[in-house]
Peer 1: 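Okay, handing you the structure first.
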Amino acid sequence: MYVLGIETSCDETSAAIVRDGKDILSNVVSSSIKFHSKYGGIVPEIASRMQLETITQVTDSALKNAGIKTRDIKLVSVTNGPGLLGSLLVGISFAKAVSFTLGVPLLGVDHIYAHIYASALDRQPIPLPFVSLIVSGGHTSLFYVKDFDRIELLGATQDDACGEAFDKVAKILGLGYPGGPLIEQLAKKGNPKAIKFQCSGTQGALNFSFSGIKTAVLYRVRAQALNRQAVCDIAASFQEATTDTLVKKSLLACKMKKTARLVIGGGVAANSCLRDKFYQQARKHGIALHFPLKELCMDNAAMVAGLGFRLFKKGHSSGLDLNAVF
Ligand code: KG4
Ligand code: ZN
């Protein structure tokens with residue numbers, strides 16, 4: 001069964017064709033990031049206008065790359081939240097139009113849950129239940145997944161998301177946007193033990209806090225003139241502290257839920273330092289670990305199509321009154 005996935009929750013415009021919730025036939029992602037860079041973050045109005053301009057072309061490319069015709073599509077799956085309202089509405093309106101015109105079902109899916117599903121694409125199905133850490137620019141959350149329509153929130157960030165902290169620290173260090181990949185590059189040349197940064201304590205053991213460490217970096221930068229090596233050391237020490245917390249709390253969640261299976265997702269999951277630490281600790285604790293392919297960590301429509309298939313097979317669908325949840 002061919003599913004058309006549409007994803008427009010942030011700055012990306014993405015369309016994908018996925019077969020049977022597993023095989024990615026195409027996954028086209030167009031980003032408006034270069035139009036936002038000079039503002040140091042996403043400008044919602046620019047994002048939605050670019051999405052309106054590109055969505056038809058992106059979907060045409062997805063169909064062409066997959067080598068299928070519009071009549072082969074049997075379900076339209078679209079992100080309906082959380083995200084930027086204007087951006088979500090572009091994707092939802094487009095998905096409704098395609099569903100109505102082709103006479104095929106429509107399904108709105110949760111963007112964060114789609115990130116959880118990303119690890120199941122182009123792979124063997126992931127046995128249930130499992131603990132999942134989603135770590136992106138907008139969210140840092142731990143879930144207990146009994147099934148893709150039975151997901152329990154275990155903990156979340158109390159302030160900034162982890163990716164957001166990477167972006168803000170990059171801004172403080174005078175780097176570009178998005179900050180995650182730039183910090184990762186600099187950190188390779190830095191000493192992760194140079195500065196003992198720490199993530200703040202949280203109310204619940206499975207919650208996160210990243211705004212304190214971001215402020216600690218800011219004070220450090222203000223306190224002294226930094227040469228190139230000092231900037232690399234800050235990047236490496238910041239990355240060390242944040243990734244340590246993510247690993248520690250995820251392992252704790254597995255222990256609390258008595259689950260030896262962990263699924264990671266979201267943009268920060270592309271970080272090699274994070275991946276290495278998780279693999280090392282998972283081996284030590286006998287935990288089966290699932291990471292998405294690196295290109296599926298960031299926002300993309302393949303994960304939306306995949307999750308849509310899975311939920312549709314379980315009897316879920318949406319009406320043409322589907323609205324954005326942001
Ligand atoms: O999942 P995503 O594409 O969008 C959201 O749903 O938010 O995640 C984007 C976030 C950005 O904050 C970006 O800086 C971060 O993921 N990111 C990374 C890396 N690549 C992307 N953070 C750390 N290391 C990376 N290599
Ligand atoms: Zn995302």
Side-chain angles (χ1 to χ4, degrees), residues 5 7 9-10 12 14 16 18 21-22 24 27 29 77 79 81-83 109-157 161-167 178 180-181 184 206 208 210 242-243 245-251 253-254 257 259 261-279 281-282 287-311:
E7 157 64 43
S9 67
C10 193
E12 285 91 358
S14 180
V18 174
K22 194 159 72 68
I24 302 174
N27 188 22
V29 183
S77 178
T79 300
V109 306
D110 183 290
H111 177 77
I112 310 299
Y113 297 172
H115 272 301
I116 301 177
Y117 194 87
S119 291
L121 291 166
D122 269 351
R123 303 271 174 82
Q124 293 303 315
I126 304 173
L128 295 158
F130 55 80
V131 166
S132 181
L133 169 75
I134 298 305
V135 61
S136 71
H139 296 83
T140 304
S141 307
L142 277 163
F143 299 98
Y144 183 56
V145 182
K146 291 183 210 142
D147 203 341
F148 283 91
D149 57 357
R150 288 194 300 147
I151 300 180
E152 179 193 340
L153 180 68
L154 301 176
T157 181
C162 186
E164 188 182 355
F166 269 83
D167 295 334
E184 180 177 353
L206 298 182
F208 298 92
F210 295 105
T242 46
T243 51
T245 299
L246 295 170
V247 172
K248 195 177 86 188
K249 299 211 174 202
S250 302
L251 293 180
C254 286
K257 298 308 284 186
T259 305
R261 192 169 295 281
L262 180 58
V263 175
I264 320 288
V268 185
N271 185 285
S272 307
C273 167
L274 182 75
R275 292 171 93 99
D276 291 349
K277 274 188 193 173
F278 263 117
Y279 277 115
Q281 289 301 315
I287 287 173
L289 188 61
H290 301 257
F291 265 104
L293 298 169
K294 276 205 177 180
E295 62 270 26
L296 297 176
C297 290
M298 257 71 86
D299 293 348
N300 68 85
M303 64 187 192
V304 176
L307 176 60
F309 171 83
R310 179 77 177 235
L311 293 176

Peer 1: Is any side-chain heavy atom of P82 less than 4.5 Å from a side-chain heavy atom of H139?
Peer 2: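 Yes; the side chains approach each other to less than 4.5 Å.
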
Peer 1: Once rounded to the nearest 0.5 Å, what's the spacing between atom OG of S250 and atom CD1 of I287?
Peer 2: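 Reported to 0.5 Å precision, the distance equals 9.0 Å.
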
Peer 1: How many angstroms lie between CG in L133 and CG in L274, if you round to the nearest 0.5 Å?
Peer 2: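 One finds 7.5 Å between CG of L133 and CG of L274.
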
Peer 1: Test your reading of the model: is there a side-chain donor-acceptor pair from S119 to the backbone of Y117, 3.5 Å cut-off?
Peer 2: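 A pair under 3.5 Å: no.
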
Peer 1: Indicate the atoms forming the closest heavy-atom contact of G306 with L121, along with that distance.
Peer 2: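 Result for this residue pair: CA-CD2, 4.3 Å.
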
Peer 1: Looking only at heavy atoms, which two atoms of T259 and P129 are closest? And how far apart?
Peer 2: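 Where T259 meets P129 most closely, the heavy atoms are CG2-O, 3.7 Å.
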
Peer 1: Looking at L128, is its backbone amide N or carbonyl O close enough to the side chain of R261 to form a donor-acceptor pair, meaning the two atoms are under 3.5 Å apart?
Peer 2: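 Not confirmed, R261 side chain does not pair with L128 backbone.
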
Peer 1: Got a donor-acceptor contact below 3.5 angstrom from the S132 side chain to the V263 backbone?
Peer 2: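 A pair under 3.5 Å: yes.
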
Peer 1: Classify the ring geometry of F291 against F278: parallel below 30°, tilted from 30° to 60°, perpendicular beyond 60°.
Peer 2: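 Geometry flag for F278 against F291: perpendicular rings.
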
Peer 1: Just how far is it from atom CE of M298 to atom SG of C10, taken to the nearest 0.5 Å?
Peer 2: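 One gets 12.5 Å once the value is rounded to the nearest 0.5 Å.
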
Peer 1: Do the side chains of L246 and C162 get nearer than 4.5 Å, heavy atoms only?
Peer 2: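 C162 reaches L246 side chain to side chain.
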
Peer 1: Q281 versus L251: any side-chain heavy-atom pair under 4.5 Å?
Peer 2: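 Touching, per the 4.5 Å side-chain cut-off.
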
Peer 1: Evaluate the side-chain proximity of F309 to V18: yes if any heavy-atom separation is below 4.5 Å, no if none is.
Peer 2: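 They are not in side-chain contact.
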
Peer 1: Verify, without hydrogens or angle tests, whether S14 (side chain) and E7 (backbone) share a donor-acceptor contact under 3.5 angstrom.
Peer 2: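 Such a contact is absent between S14 side chain and E7 backbone.
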
Peer 1: Return the minimal non-hydrogen interatomic distance between D110 and Y113, and the atom names on each side.
Peer 2: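 Nearest pair, atom of D110 first, then Y113: OD1-N, 3.1 Å.
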
Peer 1: More than 12 foreign heavy atoms under 6.0 Å from NZ of K294: is that the case here?
Peer 2: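 Yes, NZ of K294 has more than 12 neighbouring heavy atoms, counting only those of other groups under 6.0 Å.
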
Peer 1: Does E164 reach the main-chain N or O of A161 with its side chain, forming a donor-acceptor pair under 3.5 Å?
Peer 2: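 Here the side-chain-to-backbone pair exists.
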
Peer 1: Could you go through the side-chain contact (heavy atoms from CB on, under 4.5 Å) check for I134 and T140 one step at a time?
Peer 2: CA-CA 6 Å; I134 298 305; T140 304; over 6 Å; no

Peer 1: Do E295 side-chain atoms and C297 backbone N/O form a donor-acceptor pair below 3.5 Å?
Peer 2: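 Looks like no, no N/O pair under 3.5 Å.
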
Peer 1: Which word best sums up how the rings of H111 and H115 line up, parallel for under 30°, tilted for 30 to 60°, or perpendicular for over 60°?
Peer 2: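 It falls in the perpendicular class, over 60°.
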
Peer 1: Please round to the nearest 0.5 Å and tell me the distance separating atom CD1 of I112 and atom CE of M303.
Peer 2: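 Taking CD1 in I112 and CE in M303, the distance rounds to 8.0 Å.
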
Peer 1: With Y144, which residues qualify under ring pair (Phe, Tyr, Trp, His ring centres under 6.0 Å), at least two apart?
Peer 2: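 Ring pair (Phe, Tyr, Trp, His ring centres under 6.0 Å) check on Y144 returns nothing, list empty.
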
Peer 1: Would you compute the distance between atom CZ of F210 and atom OG1 of T245 and round it to the nearest 0.5 angstrom?
Peer 2: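 Between atom CZ of F210 and atom OG1 of T245 there are 6.0 Å.
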
Peer 1: If you measure from NZ on K257 to CG on L262, what distance do you get to the nearest 0.5 Å?
Peer 2: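 So the gap between those two atoms works out to 14.0 Å.
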
Peer 1: Compare all side-chain heavy atoms of E184 with those of S272 and state whether any distance is below 4.5 angstrom.
Peer 2: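 Answer yes - side chains close enough.
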
Peer 1: For a quick test of reading the model, state the closest non-hydrogen atom pair linking A305 to A16 and the distance between them.
Peer 2: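 Minimum heavy-atom contact is CB-O, 4.5 Å.
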
Peer 1: Please tell me if the side chains of F143 and V131 come closer than 4.5 Å, counting only heavy atoms from C-beta onward.
Peer 2: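 The answer is no; the side chains never approach within 4.5 Å.
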
Peer 1: Of the non-hydrogen atoms in N27 and A302, which two are nearest, and what is the gap between them?
Peer 2: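 Nearest pair, atom of N27 first, then A302: OD1-N, 3.2 Å.
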
Peer 1: Is the closest side-chain heavy-atom distance between D299 and S9 below 4.5 Å?
Peer 2: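 They are in side-chain contact.
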
Peer 1: Which atom names give the shortest non-hydrogen contact between S136 and G266, and what distance separates them?
Peer 2: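 Scanning both residues completely, I find the closest heavy atoms to be CB-CA, 4.2 Å.
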
Peer 1: Throw together a table of side-chain donor-acceptor distances under 3.5 angstrom for residues 145-155, partners on residues two or more places apart or in other chains.
Peer 2:
residue	atom	partner	partner atom	Å
D147	OD1	R310	NH2	3.4
D147	OD2	K314	NZ	2.7
D149	OD1	K314	NZ	3.0
D149	OD2	K314	NZ	3.4
D149	OD2	H316	NE2	2.9

